[in-house]
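Side chains are part of it too, since the values below use all heavy atoms of this structure and drop only hydrogens, waters and symmetry mates. Within every chain, numbering begins at 1; the chains are lettered A, B, ... in the order of the sequence lines, protein sequences first and strands thereafter.
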2 protein chains.
Amino acid sequence: MSGGLSPRVLVVDDLEPARRLLVDAIKAVLAKRGQDASGIEEASSFTEAMVLLDRKFDFAFVDLHLPDGRGWDIIRSLKSSYDILVAAVTVMDDSQSVEATLAAGADGYLIKDAEPELLHFRIERLMAGEPSLSPAIARMMLARFRPHQNEEEDPLTDREREVLSLVGRGLRAKEVAEQLQISSHTVRDHLKSIYRKLDVSSRAEVAIEAQKRNLT
Amino acid sequence: MSGGLSPRVLVVDDLEPARRLLVDAIKAVLAKRGQDASGIEEASSFTEAMVLLDRKFDFAFVDLHLPDGRGWDIIRSLKSSYDILVAAVTVMDDSQSVEATLAAGADGYLIKDAEPELLHFRIERLMAGEPSLSPAIARMMLARFRPHQNEEEDPLTDREREVLSLVGRGLRAKEVAEQLQISSHTVRDHLKSIYRKLDVSSRAEVAIEAQKRNLT
DNA sequence: CCGACCATCCCGCAAATGGGGGATGAACCG
DNA sequence: CGGTTCATCCCCCATTTGCGGGATGGTCGG
């Protein structure tokens with residue numbers, strides 16, 4: 001990927017101006033590297049991008065917000081089929097899609113409203129093989145690593161949190177009971193409180209809540 | 001933190017040369033910002049750092065590898081008591097400590113062997129309030145987000161994945177049944193297959209698996 | 001001391017679940 | 001064509017769960 005004089009680059013974005021911005025920035029980076037810009041391909045929709053996937057690209061910049069599909073599905077396809085560096089590009093930092101995008105294997109995550117020279121810098125870094133994340137995204141990632149004890153305080157007592165954790169791992173009442181050295185009745189009582197306080201009514205929901213609280 | 005003409009900066013590292021390197025880089029950044037460098041404090045050990053904690057700093061650069069303690073404990077203390085930007089500094093990128101450090105609330109993670117101008121850049125970014133991560137660390141973080149992409153493909157059929165998704169959201173058999181317009185018997189049959197294939201035996205575990213597969 | 005939480009234990013019961021079985025049609029593949 | 005997998009339906013039955021009670025002792029703040 002690094003040797004070629006004319007790297008093949010895929011740019012996917014439904015909005016023409018955004019594509020221009022990206023392509024220009026990429027061209028600038030390539031020029032700086034003394035490389036040819038003839039290998040740049042553009043796609044303006046999900047389907048358009050999908051038909052290009054069999055072509056082998058060295059780099060790809062994929063907008064997440066396409067009218068006819070999800071950007072991260074493109075990213076997943078790209079990353080799973082051959083060796084390529086992919087950056088997600090988007091305007092908004094909806095934390096929902098960040099997860100999905102990073103899970104799809106993106107090597108970078110750029111926010112379009114950055115100043116041009118920062119965009120240039122990030123593209124440069126990405127093409128140098130380094131992960132390239134916009135500050136907002138990096139912040140979001142960092143937050144994921146912190147013990148998710150966010151959210152004011154939850155109304156749960158320590159014991160309930162303990163039970164929540166174990167049940168959230170998939171244990172059943174009896175197992176939790178012997179783990180905590182208490183009666184299974186008690187476990188179920190705590191569970192009742194948890195159900196009431198968190199407004200849920202099944203083990204599955206409890207597992208979800210446990211995840212949400214990072215009580216793995 | 002941003003307004004002061006003489007930001008208070010804490011530098012913790014047991015090795016003198018490393019401290020020099022950091023302090024010099026910090027001074028350079030401060031000079032560039034037209035700020036005074038008189039607020040820089042140095043500590044050469046864990047204990048030395050701990051006694052300085054009550055002083056209020058704006059920024060801190062903490063080496064993780066101290067002879068008498070763990071850098072991330074310092075970071076945790078700093079972050080938990082007041083508003084401050086903290087970067088971890090280290091030579092090696094032992095993935096063990098990365099977890100702990102990020103969990104402690106570090107805003108940046110610098111690797112010392114970077115070229116001076118990159119170090120300068122990273123410090124600058126951090127002081128501007130942006131998270132600042134060395135590429136190796138960013139890579140490591142990105143890897144954490146990828147679905148522990150083990151396993152070939154999962155053995156589930158489309159229908160089973162559909163059921164998995166709904167059950168993973170906390171629905172019960174009957175609800176899934178009407179959602180999919182099939183009999184609740186069938187739902188439970190699919191569930192049986194899922195249990196067998198994923199080697200689980202409860203709703204809670206199914207919910208966990210669903211999460212793991214991004215079938216939110 | 002009293003009320004409030006909390007953790008602990010228990011009972012009972014209807015409903016849901018988990019695990020075993022069997023059966024049918026449709027689709028697909030060699 | 002015969003075999004396999006899939007999706008669909010069904011039955012049975014022991015166990016678990018969800019939900020309604022009631023009860024005791026401990027701790028802590030007012």
Side-chain angles (χ1 to χ4, degrees), chain A residues 73 80 147-216, chain B residues 147 150-216:
Chain A
D73 289 328
S80 66
H148 233 344
Q149 102 304 357
N150 57 359
E151 293 335 323
E152 338 72 52
E153 24 43 87
D154 57 297
L156 300 184
T157 68
D158 291 344
R159 201 48 155 176
E160 286 162 356
R161 231 185 313 283
E162 235 171 324
V163 172
L164 172 58
S165 168
L166 293 172
V167 171
R169 284 210 245 296
L171 304 199
R172 28 204 55 188
K174 209 209 292 186
E175 302 171 313
V176 175
E178 56 192 45
Q179 186 93 69
L180 296 182
Q181 285 297 310
I182 57 180
S183 149
S184 73
H185 293 290
T186 307
V187 172
R188 299 177 61 180
D189 287 331
H190 288 311
L191 216 25
K192 287 182 202 176
S193 306
I194 295 172
Y195 281 5
R196 230 182 320 102
K197 291 178 179 175
L198 302 186
D199 190 35
V200 297
S201 61
S202 75
R203 305 306 247 238
E205 290 173 286
V206 166
I208 295 168
E209 284 294 329
Q211 292 261 324
K212 209 181 287 179
R213 281 146 213 265
N214 269 347
L215 301 178
T216 15
Chain B
N150 45 9
E151 305 342 315
E152 353 61 59
E153 18 50 85
D154 60 294
L156 300 184
T157 68
D158 291 345
R159 201 49 155 174
E160 285 162 356
R161 232 184 313 281
E162 232 170 329
V163 172
L164 173 58
S165 168
L166 294 172
V167 170
R169 285 209 244 296
L171 303 198
R172 27 204 48 174
K174 211 210 295 188
E175 301 172 311
V176 175
E178 57 193 45
Q179 186 92 69
L180 296 182
Q181 286 297 310
I182 58 180
S183 151
S184 72
H185 293 289
T186 308
V187 172
R188 299 177 59 181
D189 287 332
H190 288 312
L191 216 25
K192 287 180 201 175
S193 305
I194 295 172
Y195 282 5
R196 228 180 321 101
K197 292 179 179 176
L198 302 187
D199 190 34
V200 297
S201 61
S202 76
R203 306 305 249 234
E205 291 173 286
V206 166
I208 295 167
E209 284 293 329
Q211 293 259 325
K212 209 181 288 179
R213 280 145 212 267
N214 274 336
L215 300 178
T216 18

Inset, instruction - Mind checking A:Arg188 for me? I need base, sugar-phosphate or nothing, with any heavy atom below 4.0 Å counting as a touch. - result: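 The residue A:Arg188 makes base contact.
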Inset, instruction - Answer with base, sugar-phosphate or nothing: what part of the nucleic acid does B:Ser202 contact at a heavy-atom distance below 4.0 Å? - result: sugar-phosphate
Legend entry - Distance in Å, A:Thr186 OG1 paired with A:Lys192 NZ, rounded so as to fall on 0.5 Å steps: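 The distance works out to 10.0 Å.
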Inset, instruction - Report the distance from atom CD1 of B:Ile194 to atom CD of B:Glu209, rounding to the nearest 0.5 Å. - result: 10.5 Å
Legend entry - Modelled atom types, side-chain donor and acceptor of B:Glu205 and B:Ser202, under 3.5 Å: yes
Legend entry - Nearest-nucleotide comparison on DNA chain C, the residue closer to the 5′ end among A:Lys197 and A:Thr186: A:Lys197
For the student: nearest non-hydrogen atoms of [X] and [Y], plus distance:
X: B:Ser183; Y: B:Ala177; value: C-CB, 3.9 Å
X: B:Leu171; Y: B:Arg203; value: O-NH2, 4.2 Å
X: B:Leu156; Y: B:Arg161; value: O-NH2, 3.2 Å

Can you check the [X] [atom1] to [N] [atom2] distance for me, whole Å?
X: A:Asp158; N: C:dC6; atom1: CG; atom2: C1'; value: 10 Å
X: B:Lys174; N: C:dA14; atom1: NZ; atom2: P; value: 16 Å
X: B:His190; N: C:dT17; atom1: NE2; atom2: P; value: 16 Å
X: B:Arg196; N: C:dG19; atom1: CZ; atom2: P; value: 10 Å
X: B:Glu160; N: D:dT8; atom1: CD; atom2: P; value: 10 Å
X: B:Glu162; N: D:dA7; atom1: CD; atom2: P; value: 9 Å
X: A:Leu191; N: D:dG18; atom1: CG; atom2: P; value: 6 Å
X: A:Leu180; N: C:dC9; atom1: CG; atom2: C1'; value: 15 Å

Is [X] close enough to [N] that one of its side-chain N or O atoms is under 4.0 Å from OP1 or OP2 there?
X: B:Tyr195; N: C:dG19; answer: no
X: A:Thr157; N: C:dA7; answer: yes
X: B:His185; N: D:dT8; answer: no
X: A:Arg159; N: C:dT8; answer: yes
X: B:Ser183; N: D:dC10; answer: yes

Inset, instruction - Compute the angle between the rotation axes at the two ends of the helix from C:dC1-D:dG30 to C:dG30-D:dC1, each taken over five pairs, rounded to 10 degrees. - result: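 The helix from C:dC1-D:dG30 to C:dG30-D:dC1 shows an end-to-end axis angle of 50°.
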Inset, instruction - Determine whether any donor atom in the side chain of B:Lys192 lies under 3.5 Å from an acceptor atom in the base of C:dG20, or the reverse, and answer yes or no. - result: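 Such a pair is found, so the answer is yes.
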Legend entry - Any N/O donor-acceptor pair, A:Asp189 side-chain to C:dC9 base, under 3.5 Å: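 Answer yes: a donor N or O sits under 3.5 Å from an acceptor.
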Legend entry - Donor-acceptor contact present, side-chain A:Glu178 to main-chain A:Glu175, <3.5 Å: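 Judged by distance alone, no pair lies under 3.5 Å.
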Inset, instruction - May I ask you to test the B:Leu180-B:Arg159 pair for a side-chain heavy-atom distance under 4.5 Å? - result: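 A side-chain contact under 4.5 Å exists here.
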Legend entry - Side chain of A:Arg172 (C-beta onward), nearest among D:dT8, D:dT17, D:dC19: D:dT17
